[in-house]
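As structure tokens, the structure follows; a few thoughts come after it.
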Amino acid sequence: MPELPEVETVKRSLEKHITGLTFSEIILIMPKIVKVPAPQSFTENVAGKKIKKIGRRGKYLLIHLSDNNTLVIHFRMTGRLVYSEPGTPPGKHTHAIFKFSNGYELHYSDIRQFGRISLVDTDKLDAAPGLKDLGVEPFSENFTREFLKRELKRRRTKIKPLLLDQTFIAGLGNIYADEALHRARLSPEKTASNLTTREIARLYPAIKDVLAEGIANRGTTFRDYVDGMGQAGSNQEALKVYDREGKPCLSCKTPIARIRLGGRSTYYCPKCQK
DNA sequence: CCGTAACCCTGCGTGC
DNA sequence: TGCACGCAGGGTTACG
């Protein structure tokens with residue numbers, strides 16, 4: 001499931017190949033994946049436009065076009081965007097094909113069909129649905145230890161669900177939230193406002209470190225995730241707790257526990273994480 | 001404010 | 001090439 005490191009890897013792998021290319025034709029196989037505008041308007045407005053720049057905000061991939069519009073793509077769980085050879089046949093779950101004037105194609109596929117694409121005014125990006133309420137970018141200068149401390153102090157929710165809250169920090173998902181808490185040696189059930197200064201001093205770098213490591217390893221591939229060139233990542237080999245229920249903690253050998261928090265599976269070491 | 005749950009959807013693991 | 005069922009998951013929305 002593409003979280004910040006996976007979307008960042010898609011961005012980096014795609015941008016060197018498609019920046020400057022011009023869309024020639026868009027084939028929308030499954031119209032419902034386009035949120036706004038209406039399907040016909042969408043395909044007409046993307047065709048003929050040149051890609052100016054690729055960006056990312058939280059888990060959203062942003063493809064900025066020459067006419068001051070931006071394609072906003074959210075992959076949810078199983079979405080993929082892969083730069084493909086001319087004439088690549090659509091797969092079973094290919095929902096849109098973006099053809100370039102050089103013959104190459106960008107194939108958007110999504111097994112679960114949860115992902116969505118929008119075309120919005122670049123100047124109004126910050127007000128776009130989904131983007132307008134996004135919280136701080138973990139690698140921005142706004143995300144400081146002091147910010148984290150101040151925000152945690154006024155939240156009475158458990159720390160794990162809070163880390164998943166995109167209006168708080170943008171880009172953390174289930175995998176990296178669990179990994180950050182393990183790295184910081186904090187129980188996912190701890191109430192945010194109860195974290196001590198010392199604990200926050202562990203959590204702050206842990207969040208940035210697990211995300212940076214995920215990017216360095218080109219993302220976590222459990223089943224579906226691939227980058228913009230169709231390549232799997234290797235960060236699954238670096239995970240300490242996620243999807244390791246019953247397996248020994250790599251620090252203390254205690255079996256990794258799995259509980260449910262905020263409706264999500266949560267993996268942690270009951271001994272290391274207090 | 002906080003927690004829970006339904007919804008969207010398909011593939012996969014499980015039990016028979 | 002068995003089949004029915006339930007679960008998983010990100011974000012949004014609804015509800016208590």
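The chains referred to below are lettered A, B, ... by the order of the sequence lines, with proteins before strands, and numbering in each begins at 1. Only this structure's heavy atoms are used, side chains among them; waters, hydrogens and symmetry mates stay out.
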Does A:Arg260 put a side-chain nitrogen or oxygen below 4.0 Å from OP1 or OP2 of C:dA8? yes

Trace of the salt bridge (Lys or Arg N to Asp or Glu O under 4.0 Å) decision for A:Asp110 with A:Arg80: CA-CA 6 Å; A:Asp110 185 356; A:Arg80 291 177 167 193; over 6 Å; no

Check whether any side-chain heavy atom of A:Pro5 lies under 4.5 Å from a side-chain heavy atom of A:Tyr176, and answer yes or no. yes

Where each residue is assigned the nucleotide of DNA chain B containing its nearest heavy atom, which of A:Lys158 and A:Arg112 is assigned the position nearer the 5′ end? A:Lys158

Between atom CD1 in A:Ile117 and atom P in C:dG10, what is the gap in whole Å? 19 Å

Atom NZ of A:Lys208 with >12 non-hydrogen neighbours under 6.0 angstrom: yes

Nucleotide C:dG11, atom C1' - distance to CG of A:Leu4 in whole Å: 16 Å

The nucleotide from B:dC9, B:dG11, C:dG10 with an atom nearest the side chain of A:His74 is C:dG10

Toward the 5' end of DNA chain C, which comes first, A:Ser265 or A:Gly130, by nearest nucleotide? A:Ser265

How would you label the contact of A:Thr78 with the nucleic acid (heavy atoms, under 4.0 Å): base, sugar-phosphate, or nothing? nothing

Just call it for A:Tyr242: base, sugar-phosphate, or nothing, with non-hydrogen atoms closer than 4.0 Å on any strand. sugar-phosphate

Which of these nucleotides, C:dG10, B:dC12, B:dT10, is closest to any side-chain atom of A:Arg76? C:dG10

If you look at every strand shown and take non-hydrogen atoms under 4.0 Å, does A:Lys92 touch a base, only sugar-phosphate, or nothing? sugar-phosphate

Please work out which of the three classes, parallel, tilted or perpendicular, describes the rings of A:Phe168 and A:Phe147, given edges at 30° and 60°. parallel

Whole Å only: how far is the CE atom of A:Met77 from the C1' atom of C:dG11? 11 Å

Atom OH of A:Tyr60 to atom P of C:dG11: distance rounded to whole Å? 7 Å

If I take atom CZ in residue A:Arg155 and atom P in nucleotide B:dC1, what distance separates them, rounded to the nearest angstrom? 8 Å

Using whole Å, what does the distance between atom C1' of nucleotide C:dA8 and atom CG of A:Leu261 come to? 16 Å

Applying a 4.0 Å non-hydrogen cut-off, can you work out what A:Asp110 is touching in the nucleic acid: base, sugar-phosphate, or nothing? nothing

Measure up the A:Tyr83 and A:Tyr104 rings against each other and bin them: parallel (under 30°), tilted (30 to 60°), perpendicular (over 60°). parallel

Taking all heavy atoms of A:Ser118 and all of A:Lys35, pick out the closest pair and write down the distance. OG-CB, 3.4 Å

Is there a path of hydrophobic side-chain contacts, each under 4.5 Å between heavy atoms of I/L/V/M/F/W/Y residues, joining A:Ile159 to A:Leu261? no

Specify the residue among A:His93 and A:Gly263 whose closest nucleotide of DNA chain B lies further upstream toward the 5′ end. A:Gly263

Using whole Å, report how far CZ of A:Arg116 lies from P of B:dC9. 8 Å

How are the rings of A:Phe75 and A:Tyr108 set relative to one another: parallel (under 30°), tilted (30 to 60°) or perpendicular (over 60°)? parallel

How close or far is atom P of B:dG3 from atom CZ of A:Arg156, stated in whole angstroms? 10 Å

Inter-end axis angle, the helix from B:dC2-C:dG16 to B:dC16-C:dG2, with every axis fitted to five base pairs (rounded, 10 degrees): 60°

